[in-house]
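We use all heavy atoms of the structure for the numbers below, so side chains are in, but hydrogens, waters and symmetry mates are not. Order of the sequence lines sets the chain letters (A, B, ...), proteins ahead of strands, with each chain counted from 1.
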Number of protein chains: 2
Amino acid sequence: MLKYQQIANEIEQYIHKQNLKQGDKLPVLEQMMSQYAVSKSTITKALELLERKGIIFQLRGSGIFVRRHNRPGYMSLFSTQGFKSNLGDRILTSDVLDVSVMKPDALVAENLGIDVTDDVYRVERVRYVDGEVLCHEESYYVKAIVPYLNREIVADSIFDYVQSALGVTIGFSDMYLQVGRLTESEAVLLGLEEDDPTLRIETIFHLSNGKPFDYSRITYHYEHSQFVVQANGPYM
Amino acid sequence: MLKYQQIANEIEQYIHKQNLKQGDKLPVLEQMMSQYAVSKSTITKALELLERKGIIFQLRGSGIFVRRHNRPGYMSLFSTQGFKSNLGDRILTSDVLDVSVMKPDALVAENLGIDVTDDVYRVERVRYVDGEVLCHEESYYVKAIVPYLNREIVADSIFDYVQSALGVTIGFSDMYLQVGRLTESEAVLLGLEEDDPTLRIETIFHLSNGKPFDYSRITYHYEHSQFVVQANGPYM
DNA sequence: TTGTTAAATTGTACCGGTACAATTATACTT
DNA sequence: AAGTATAATTGTACCGGTACAATTTAACAA
């Protein structure tokens, strides 16, 4: 692991262990330099990472402060999307409805940048947090990149498997959000009624080399899903 | 303007003018260094900014490539939230329903980190994109930070005014998303029916010194709002 | 042609430095 | 006590460098 990542983790741990709250001040940069015995730019890089994650904010001339939102029930929009799990103490489980190899339809192929004659894995799951229905997920993996999947892998974290077993790294993703109404079949799976409101998120996940490898459609249970997104002004 | 910001802008312009698409390659780092006559770290910083904005991705050993999502109808979730307007060619207008000074209720005061005896500006608007109803917005500004507002300012971009006229800088924001059903009064304003689906976003905007100055509740017209969020893997 | 090895290309991690801007603390005045 | 100038603190911009890892290209062998 890289130094600046390691340091970022340790600082994050420190904040949690000390139970620091919004506005609490962290040690100054120079002290961190000597504490971790690295150069200023390495500390800066670690802090920048934490800033992007919404864990701290820095104020020139003043110091480094803890940033923390105050709504326990909300999940990070990104945590449910395959990235670093940030669900805290909540337990995520899955019912696997389907894992199979197939040919993609035109829409799926287009989103994955492949041909309709190429193979994809289709995975269908219903996911739960602490036993409550969270969402219905239908996702497609490019078989050329993810050559093998089974129900055990899929019941767990697919992304962990892909990264550790296949040695590929996930780079970035495009998420498309839209509110709509449930179809009858979706309603059954989520334990709701037809035409009930829902949040639909389509996501295209890319490897770090820019190639799409996963296209997924998620339909959320509107009563069990609330999300937080922490944004940093100048960058968006 | 800072060098690295300036360079980031110029590169962004270049991408648009050349109409580069996903996967197209940009000049290599070393060439950019000489072209803009700055050091490597300044170019790196500019590129990092563009990477965060979802405009490029970098690939060690290979080059710098354009990243571009391919769904024209979708607005960036952040563009409608006061940050850098990225709506492209679409025109954003507002009906101002209310601009007044008042005392906040307990909930608003809590979200703004102030006392119920402190003054706030209450702003209520209906916003349109290209003439279509986009959302209903109710927002509260800490009067101690934003001492004056009127209907002209509010009809335009409040954030531009706050930053340029008041000389404060916006630092970061926490957004809370939730799907629900419209109340009758909301439905009237949006031209929909009661109990229709809707996306509700509450946002707390902070200055760069960490102080909250704006708490807003937005209710979106579910048929006229679709959002894109571009995420970068390792940072979330 | 196909695969393998070696070399060149190219971005990233990390160092250490100077200058500076924003904030906060201090000393001083009124 | 309250304002005002001054100094100290503290993070950010920018420079220029070395080493290195990932990728691509070129050279080579089977």
Opening and closing nucleotides of DNA chain C in contact with chain A, under 4.0 Å to non-hydrogen atoms
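Extent of the interface on DNA chain C: C/dA13 to C/dT24.
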Does a side chain donor of either A/N111 or A/R217 reach within less than 3.5 Å of an acceptor in the other side chain?
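Their side chains do not contain a donor-acceptor pair, so the 3.5 Å distance test is not met.
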Salt bridge present between [X] and [Y] (N-O < 4.0 angstrom):
| X | Y | answer |
| --- | --- | --- |
| A/D24 | A/R68 | no |
| A/D174 | B/R71 | no |
| A/R122 | A/E124 | yes |

Between B/F172 and A/F57, is the ring centre distance below 6.0 Å?
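Judged by ring-centre distance (under 6.0 Å), B/F172 and A/F57 do meet the cut-off.
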Taking the ring centre of each residue, are A/F205 and A/F159 less than 6.0 Å apart?
yes
Would B/K40 and B/E30 satisfy salt bridge (Lys or Arg N to Asp or Glu O under 4.0 Å), going step by step from the backbone distance to the final call?
CA-CA 7 Å; B/K40 185 178 346 192; B/E30 205 145 345; over 6 Å; no
When all nucleic acid strands are considered with a 4.0 Å heavy-atom cut-off, which category describes A/S41: base, sugar-phosphate, or nothing?
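Base: the residue A/S41, judged by heavy atoms under 4.0 Å, touches a nucleobase.
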Touch check for A/I64, heavy atoms < 4.0 angstrom, all strands: base, sugar-phosphate only, or nothing?
sugar-phosphate
Between A/V38 and B/T44, just flag the one whose closest nucleotide in DNA chain C comes earlier from the 5' side.
B/T44
Between B/Q58 and A/K40, which is nearer to the 5' end of DNA chain C once each is assigned its nearest nucleotide?
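The answer here is B/Q58.
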Inter-end axis angle, the helix from C/dT1-D/dA30 to C/dT30-D/dA1, with every axis fitted to five base pairs (rounded, 10 degrees)
20°
By nearest heavy atom, map B/K45 and B/G61 onto DNA chain D; which one lands nearer the 5' end?
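Counting from the 5' end, the first nearest nucleotide belongs to B/K45.
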Starting at the 5' end of DNA chain D and moving along, which residue's nearest nucleotide shows up first, A/N209 or B/L2?
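Looking at DNA chain D, the more 5' nearest nucleotide goes with B/L2.
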With the side chain counted from C-beta on, respond yes when B/T169 and B/L207 share a heavy-atom pair under 4.5 Å apart, and no when they do not.
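The answer is no; the side chains never approach within 4.5 Å.
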